[in-house]
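See below for the structure under consideration.
No hydrogens, no waters, no symmetry mates; every other heavy atom, side chains included, goes into these values. Note that the structure is a prediction, hence the values are computed from the model and not measured.
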Amino acid sequence: MNNQEWLSLALASMHSGQWFGWKKDYTGTERMSYENIEVLDSSIAKPTEAEVNAKIQELKDAEADVETKKASGKQKLKDLGLDDDEIQALMGA
């Protein structure tokens, strides 16, 4: 995922519904950046950049954890005697 995708995912996971958008007359080189977040729901305050960055890191860590567990599971199946084709059939990967 690129930085803009991580940013969108982090924002979407912070509140339900379409609470944010992007400024049409944006500043900087990327429209989808922290400085161009537009809060669409008046009951929600714009999160700080630190809060957004912490959420992005949390999501990245969770994804890395899934990949680590997947690799560990595959290795355990190999240790039990399954071959790569059998593991692929079970896991689809």
Could you check if a side-chain atom of Glu5 sits within less than 4.5 angstrom of a side-chain atom of Leu9, using non-hydrogen atoms only? no

As a quick check of understanding, evaluate side-chain contact (heavy atoms from CB on, under 4.5 Å) for Leu7 and Gln4, giving each step before the final call. CA-CA 5 Å; Leu7 176 60; Gln4 290 81 20; 5.5 Å; no

Looking at side-chain heavy atoms only, is the closest gap between Lys24 and Arg31 below 4.5 Å? yes

Do the non-hydrogen side-chain atoms of Met91 and Lys70 ever get within less than 4.5 Å of each other? yes

Tell me, which pairs form a side-chain hydrogen bond (donor to acceptor under 3.5 Å, both in side chains) where one or both residues lie in residues 53-62, sequence neighbours left out? Lys55-Glu58, Gln57-Asp61

Can you name the nearest heavy-atom pair linking Val39 to Ile44, along with the distance? CG1-O, 3.2 Å

Pairs involving residues 21-49, ordered by first then second residue, that meet ring pair (Phe, Tyr, Trp, His ring centres under 6.0 Å) (sequence neighbours left out): Phe20-Trp22

Which pair of heavy atoms, one from Ile56 and one from Ala10, lies closest together, and at what distance? CG1-CB, 3.5 Å

Nearest 0.5 Å, please: how far is CG in Asn2 from CE in Met32? 7.5 Å

Ser72 side chain to Thr68 backbone, donor-acceptor under 3.5 Å: no

Only counting residues at least two apart or in another chain, list the ones meeting side-chain contact (heavy atoms from CB on, under 4.5 Å) with Lys78. Gln75, Asp84, Ile87

Once rounded to the nearest 0.5 Å, what's the spacing between atom CD of Glu51 and atom OG1 of Thr48? 3.5 Å

When you compare the side chain of Leu11 with that of Pro47, does any pair of heavy atoms fall below 4.5 Å? yes

Pair Asn36-Ser33, side-chain donor/acceptor within less than 3.5 Å: yes

For the OG atom of Ser8 and the CE atom of Met1, what is their distance to the nearest 0.5 Å? 10.0 Å

So do Leu40 and Gln18 actually touch side chain to side chain, heavy atoms under 4.5 Å? yes

